[in-house]
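Dumping the structure here so I can ask a few things about it.
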Amino acid sequence: MKVVIVGGVAAGASAATRLRRLNEKAEIVVFERSGYVSYANCGLPYYIGDVITNSANLTLQTPKSFYNRFRVDVKVHHEVIAINPKKKTVIVKNLENGTEFEEDYDKLILTPGAKPAMPRIFGMDTENVFVLRTVEDTFRIKEYVNENKPESVVIAGGGFIGIEVAENLKELGMDVTIVQLFKHLTGNFDPDMASMIHSEMRKHGIKLALGQAVEGFEKHKEGVKISIKDQEPLYADMAILAVGVSPDTVLAKEAGLELGVGGSIVVNDRMETSIPDIYAAGDAVQVKHYVTGKKALISLAGPANKQGRIIADNICGGDSRYPGSQGSSILKVFNLTAASTGINEMEAKSAGLDADKVILSPMSNSSYYPGGKIMTMKVVFEKETYRLLGAQIIGYEGVDKRIDVIATAICGKLKATQLKDLDLAYAPPYSSAKDPVNMAGFMIENISKGILKQWHLTDLESLPFDGSVNLLDTRTSKEYSAGHIEGFKNIPVDELRERMDEIEKGKPVYVICQTGERSYIACRILESYGFEAYNLSGGYRFYSVVTKDQTLIEKSHACGMDK
């Protein structure tokens, strides 16, 4: 059996090594158009920032090491330019000398990955304008930074790569501006949660031009002029385009394979394409979203590696199935960690789901143990059914393990209320006896039983301030004096029972505190006195971060960026 693999990064390399482990006698040939195989895409920004100092560490394998260990014939700088499914051959171009040749196959695996999205922006070939996708792109940027010592950079795009490059260039001492078409960074997070990412970026000196569009680039003196729609242009020593990726499927289209969302390759759960004996995996394929069941494009290394493994199993006579992609991801933002899994609130609404959420601010470990730090969690679930839809967590210590627990719960189809039942490891340096994940479950259970009634920041604009409802802030007088929402009366929770006559009977009470914990206790007290009480999800801390961010974004539209 001869297997030809087009592309040798995540999915392609995974398929090749799994094939060899399952079949020692198969002939395996990998064609990779770049000069590198099995390289770590996710590490590229950190090489630019000198966090990874040895370029050899970016490549997990080389053609030589692949052959020595797995007897896989890897040909770099070789591009497959055509597929003939009837003859079961591919046409390959040697990019070093321009020659072309035909290669036959019994099974063909397509893992071409994705290419940088190239929106209609003029001047992409302008000197000092770069894209970042491959190892070669990384070396070009790194070489330019080392040789020219640029002092400023504009990054077009605020996804994971844009944020990581911004952080790494800032750590090198550069003046960094991110221009993002949407009004918040990273599509994985809802705008309210993204506010904390924005705050961390600004705290470290990153300028944000959110809700603004790059129209083009021009040479300007020794640097670049960046044209912004309806704004004054920006000027920098260099610019990097990181506006996302799209499936690289020209080859598949020309071969007659069925294409789906965004021009991606349609595959079944065995990763088989519409043409027999041709498989596909990685960033170029359409997948089923594990939560919504809808067709999706999810470009992540984890799913790509799993898909490559599944293909190898099936080629070798197995029956492995890909259940869908959940989109679990994690991001370092200077001192913060931001992670998500499943779908966010915006995506839930877009999918037509009737979703609710809880927002909480637990500590990473027991409050009495030194070193604990606060995190913010947003857990999204479906009303009525309490199906767990997704979560976003932003904080410092322990974010990664909590998001992985919730990701596992989603995969196991647990209800959101069942998060309370998870038996999670506890010791004071690592958690509380009631882990943050358990706490989210307790809150959702209280909602399901009518014990907890919530109101959200989005309700604030419609909240009546005419005296028809009671507005209550249960923080201490010192906290209240440091900042509060106008119209809210301050009665600290510990004084509430004695001051109950200050609250008008027969009117609902909308309650806030710093994080939602004390106001929940106040709500329970009020309910026992016959009041209908609603607790602000996330509390004043969350309100403060989100509203400050929204103000800065609106101001940026007047002046071009954060000031």
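Position 1 is the first residue of the sequence, and the numbers go up from there.
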Problem - Separation of Ile491 CD1 from Ile503 CD1 (nearest 0.5 Å) - result: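 It comes to 4.5 Å.
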Exercise for the section: Quickly, which of Asn446, Thr474, Leu536, Val511 forms a side chain to side chain contact (heavy atoms under 4.5 Å, CB included) with Tyr520? Name it, please. Expected result: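 Looking at Asn446, Thr474, Leu536, Val511, the match for Tyr520 under the side chain to side chain contact (heavy atoms under 4.5 Å, CB included) is Asn446.
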Problem - No-hydrogen, no-angle side-chain donor-acceptor test under 3.5 Å, Asp137 and Thr134 - result: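 Present: a donor and an acceptor within the cut-off.
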Exercise for the section: Check whether any side-chain heavy atom of Ser537 sits under 4.5 Å from a side-chain heavy atom of Ile359, and report yes or no. Expected result: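 In contact.
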Practice task
Without swapping roles, check the side chain of Gln180 against the backbone of His184 for a donor-acceptor pair under 3.5 Å.
Solution key: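 Looks like yes, one N/O pair under 3.5 Å.
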Practice task
Ignoring hydrogens and angles, state whether a donor on the side chain of Arg402 or Ser431 is under 3.5 Å from an acceptor on the partner side chain.
Solution key: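 Note: Arg402 and Ser431 side chains meet the donor-acceptor criterion.
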Handout entry: Under 3.5 Å: donor-acceptor pair, side chain of Asn305, backbone of Ala301
Key =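 A pair under 3.5 Å: yes.
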Problem - Main-chain N/O of Phe189 paired with Ser340 side-chain donor or acceptor, under 3.5 Å - result: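 Side chain of Ser340 to backbone of Phe189, a donor-acceptor pair under 3.5 Å: no, none is there.
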Practice task
Scan side-chain atoms only and decide if Glu479 and Thr476 contain a donor-acceptor pair under the 3.5 Å cut-off.
Solution key: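 Yes - a donor-acceptor pair under 3.5 Å links their side chains.
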Handout entry: Side chain Gln307, main chain Gly282, donor-acceptor under 3.5 Å
Key =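 Answer holds: yes.
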Handout entry: Heavy-atom side-chain proximity of Met377 to Ile394 below 4.5 angstrom
Key =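 No, every pair of side-chain atoms sits at 4.5 Å or beyond.
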Exercise for the section: Report yes if the side chains of Val131 and Ile240 come closer than 4.5 Å at any heavy-atom pair, otherwise no. Expected result: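 A side-chain contact is absent here, since even the closest heavy-atom pair is not under 4.5 Å.
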Practice task
Any chance you could lay out the side-chain contact (heavy atoms from CB on, under 4.5 Å) test for Thr337 and Leu331, step after step, and finish with the verdict?
Solution key: CA-CA 6 Å; Thr337 298; Leu331 174 69; over 6 Å; no
Handout entry: Lys415 atom NZ, neighbour heavy-atom count above 12 within 6.0 Å
Key =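 No, because the 6.0 Å sphere around NZ of Lys415 holds 12 heavy atoms or fewer from other groups.
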Practice task
Starting from the C-alpha separation in whole Å, work towards a yes-or-no answer on side-chain contact (heavy atoms from CB on, under 4.5 Å) for Ser325 and Leu300.
Solution key: CA-CA 9 Å; Ser325 294; Leu300 292 169; over 6 Å; no
Exercise for the section: Check step by step if side-chain contact (heavy atoms from CB on, under 4.5 Å) holds for Phe381 and Val358. Expected result: CA-CA 9 Å; Phe381 57 93; Val358 292; 4.2 Å; yes
Practice task
Report the C-alpha separation of His456 and Lys357 in whole Å, then their side-chain angles, then the decisive distance to 0.1 Å, and conclude whether the side-chain contact (heavy atoms from CB on, under 4.5 Å) test is met.
Solution key: CA-CA 9 Å; His456 302 283; Lys357 74 269 189 180; 3.5 Å; yes
Handout entry: Between His198 and Asp549: side-chain donor-acceptor atoms closer than 3.5 Å
Key =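 Their side chains do contain a donor-acceptor pair, which is all the 3.5 Å distance test asks for.
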Handout entry: Short side-chain donor-acceptor distance under 3.5 Å, Asn365 and Glu397
Key =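 The answer is no; no qualifying pair exists.
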Exercise for the section: Looking only at non-hydrogen atoms, find the nearest pair between Pro45 and Asn168 and report the distance. Expected result: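 Reported closest heavy-atom pair: O-CG, 3.2 Å.
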Handout entry: Gln392 side chain to Thr341 backbone, donor-acceptor under 3.5 Å
Key =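 Not confirmed, Gln392 side chain does not pair with Thr341 backbone.
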Compile the donor-acceptor pairs under 3.5 Å between side chains in residues 287-296 and protein atoms, sequence neighbours left out, one pair per line.
residue : atom : partner : partner atom : Å
His289  : ND1  : Val291  : N            : 3.0
Tyr290  : OH   : Cys411  : O            : 2.7
Thr292  : OG1  : Lys294  : N            : 3.1

Exercise for the section: Evaluate the side-chain proximity of Val285 to Thr249: yes if any heavy-atom separation is below 4.5 Å, no if none is. Expected result: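 Of all side-chain heavy-atom pairs linking Val285 with Thr249, none is under 4.5 Å.
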Exercise for the section: Indicate yes or no: does Lys203 engage Glu200 in a salt bridge with an N to O separation below 4.0 Å. Expected result: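 The answer is yes: the pair qualifies as a salt bridge.
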Practice task
Determine yes or no for a side-chain-to-main-chain donor-acceptor pair under 3.5 angstrom, with Ser14 supplying the side chain and Ala10 the backbone.
Solution key: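 Such a contact is absent between Ser14 side chain and Ala10 backbone.
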Exercise for the section: For Gln514 and Arg541, test the side chains for any donor-to-acceptor distance below 3.5 angstrom and give the result as yes or no. Expected result: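 There is no such pair between these side chains.
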Handout entry: CG on Asp356 to CG on Leu389, rounded to 0.5 Å
Key =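 One gets 10.5 Å once the value is rounded to the nearest 0.5 Å.
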Handout entry: Any donor-acceptor N or O pair under 3.5 Å, side chains Glu382, Thr385
Key =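 Checked: Glu382/Thr385 side chains pair up, N/O donor to acceptor below 3.5 Å.
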Handout entry: Salt-bridge criterion met for Asp192 and Lys378 (N-O under 4.0 Å)
Key =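 A salt bridge links Asp192 with Lys378.
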Handout entry: Expected output: side-chain Ser199 to main-chain Met196 donor-acceptor under 3.5 Å
Key =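 Looks like no, no N/O pair under 3.5 Å.
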Exercise for the section: Enter the distance from Ser364:OG to Asp435:CG here, rounded to the nearest 0.5 Å. Expected result: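 The CG atom of Asp435 is 10.5 Å from OG of Ser364, to the nearest 0.5 Å.
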Problem - Donor-acceptor under 3.5 Å (Glu347 side chain, Asn344 main chain) - result: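 Yes; at least one donor-acceptor contact below 3.5 Å.
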Handout entry: Heavy-atom neighbours of Lys142 NZ exceed 12 at 6.0 Å
Key =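 More than 12 within 6.0 Å, yes.
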Handout entry: Ion pair Lys349/Asp354, N-O distance below 4.0 Å
Key =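 Salt bridge absent between Lys349 and Asp354.
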Practice task
Specify whether Tyr480 and His484 have parallel, tilted or perpendicular ring planes, treating 30° as the upper limit for parallel and 60° as the lower limit for perpendicular.
Solution key: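 Geometry flag for His484 against Tyr480: parallel rings.
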Exercise for the section: Kindly compute the distance separating OG (Ser195) from CD (Gln550), expressed to the nearest 0.5 Å. Expected result: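 Answer for the OG-CD pair, Ser195 versus Gln550, is 6.0 Å.
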Practice task
Kindly say whether Ser477 contributes a backbone atom to a donor-acceptor pair with the side chain of Ser481 at under 3.5 angstrom?
Solution key: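 Confirmed, Ser481 side chain pairs with Ser477 backbone.
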Handout entry: Taking every non-hydrogen atom, the tightest pair across Val399 and Ile393
Key =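 For Val399 versus Ile393, the nearest heavy atoms are CG1-O, 3.6 Å.
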Handout entry: Sidechain N-carboxylate O distance under 4.0 Å for Glu164, Lys332
Key =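 No.
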Exercise for the section: Mark yes when over 12 heavy atoms from residues, nucleotides or ligands other than Phe334 sit less than 6.0 Å from its CZ; otherwise mark no. Expected result: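 Yes, the 6.0 Å shell around CZ holds more than 12 heavy atoms from other groups.
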Exercise for the section: Can you establish whether the number of heavy atoms outside Phe182 located under 6.0 Å from its atom CZ is more than 12? Expected result: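 Not more than 12 within 6.0 Å, no.
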Handout entry: Heavy-atom pair with the smallest gap, counting every atom of Ile163 and Leu185
Key =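 Between these two residues, the closest heavy atoms are CD1-CB, 4.0 Å.
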Exercise for the section: List in chain and number order the residues that pass salt bridge (Lys or Arg N to Asp or Glu O under 4.0 Å) with Lys373, two or more places apart in sequence or in another chain; answer none if no residue qualifies. Expected result: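 Once residues adjacent in sequence are excluded, Lys373 has no partner under the salt bridge (Lys or Arg N to Asp or Glu O under 4.0 Å) criterion.
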Practice task
Using only heavy-atom distances, determine whether the side chains of Asn535 and Ser519 contain a donor-acceptor pair under 3.5 Å.
Solution key: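 There is such a pair between these side chains.
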Handout entry: Heavy-atom neighbours of Gln418 CD exceed 12 at 6.0 Å
Key =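 Yes, CD of Gln418 has more than 12 neighbouring heavy atoms, counting only those of other groups under 6.0 Å.
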Exercise for the section: Could you please spell out the steps behind the salt bridge (charged side-chain N to carboxylate O under 4.0 Å, His left out) verdict for Asp283 and Arg133? Expected result: CA-CA 13 Å; Asp283 294 354; Arg133 179 63 180 169; 2.9 Å; yes
Handout entry: Closest non-hydrogen atom pair, Leu452 against Met443
Key =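 Looks like CD2-O, 3.8 Å.
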Handout entry: Thr408 OG1 to Ile406 CD1 distance, which is reported to the nearest 0.5 Å
Key =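 Those atoms lie 10.0 Å apart.
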Exercise for the section: Measure the acute angle between the ring planes of Phe488 and Phe465, then classify it against the limits of 30° and 60° as parallel, tilted or perpendicular. Expected result: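 Perpendicular, since the angle between the ring planes exceeds 60°.
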Problem - Donor-acceptor pair, side chain of Arg309 and main chain of Ala11, under 3.5 angstrom - result: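 No, the answer is negative, given that no donor and acceptor are paired below the 3.5 Å cut-off.
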Practice task
Indicate whether any N or O donor in one side chain lies under 3.5 Å from an N or O acceptor in the other, for Thr186 and Asn188.
Solution key: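 Asn188 and Thr186 do not have a side-chain donor-acceptor pair below 3.5 Å.
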Problem - Side-chain donor-acceptor pair present, Ser361, Thr515, cut-off under 3.5 Å - result: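 Checked: Ser361/Thr515 side chains show no N/O donor-acceptor pair below 3.5 Å.
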Practice task
Would you check if there is a donor-acceptor pair between the side chains of Glu532 and Tyr534 at a distance under 3.5 Å?
Solution key: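 Yes.
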Problem - Nearest heavy-atom neighbours spanning Leu297 and Gly262 - result: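 Closest approach of Leu297 to Gly262, heavy atoms only: CD1-CA, 4.3 Å.
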Problem - Contact summary for Met124 and Val129, nearest pair of heavy atoms - result: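 Closest approach of Met124 to Val129: O-CG1, 4.0 Å.
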Handout entry: Ion pair check, Lys229 and Glu215, cut-off under 4.0 Å
Key =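 No salt bridge links Lys229 with Glu215.
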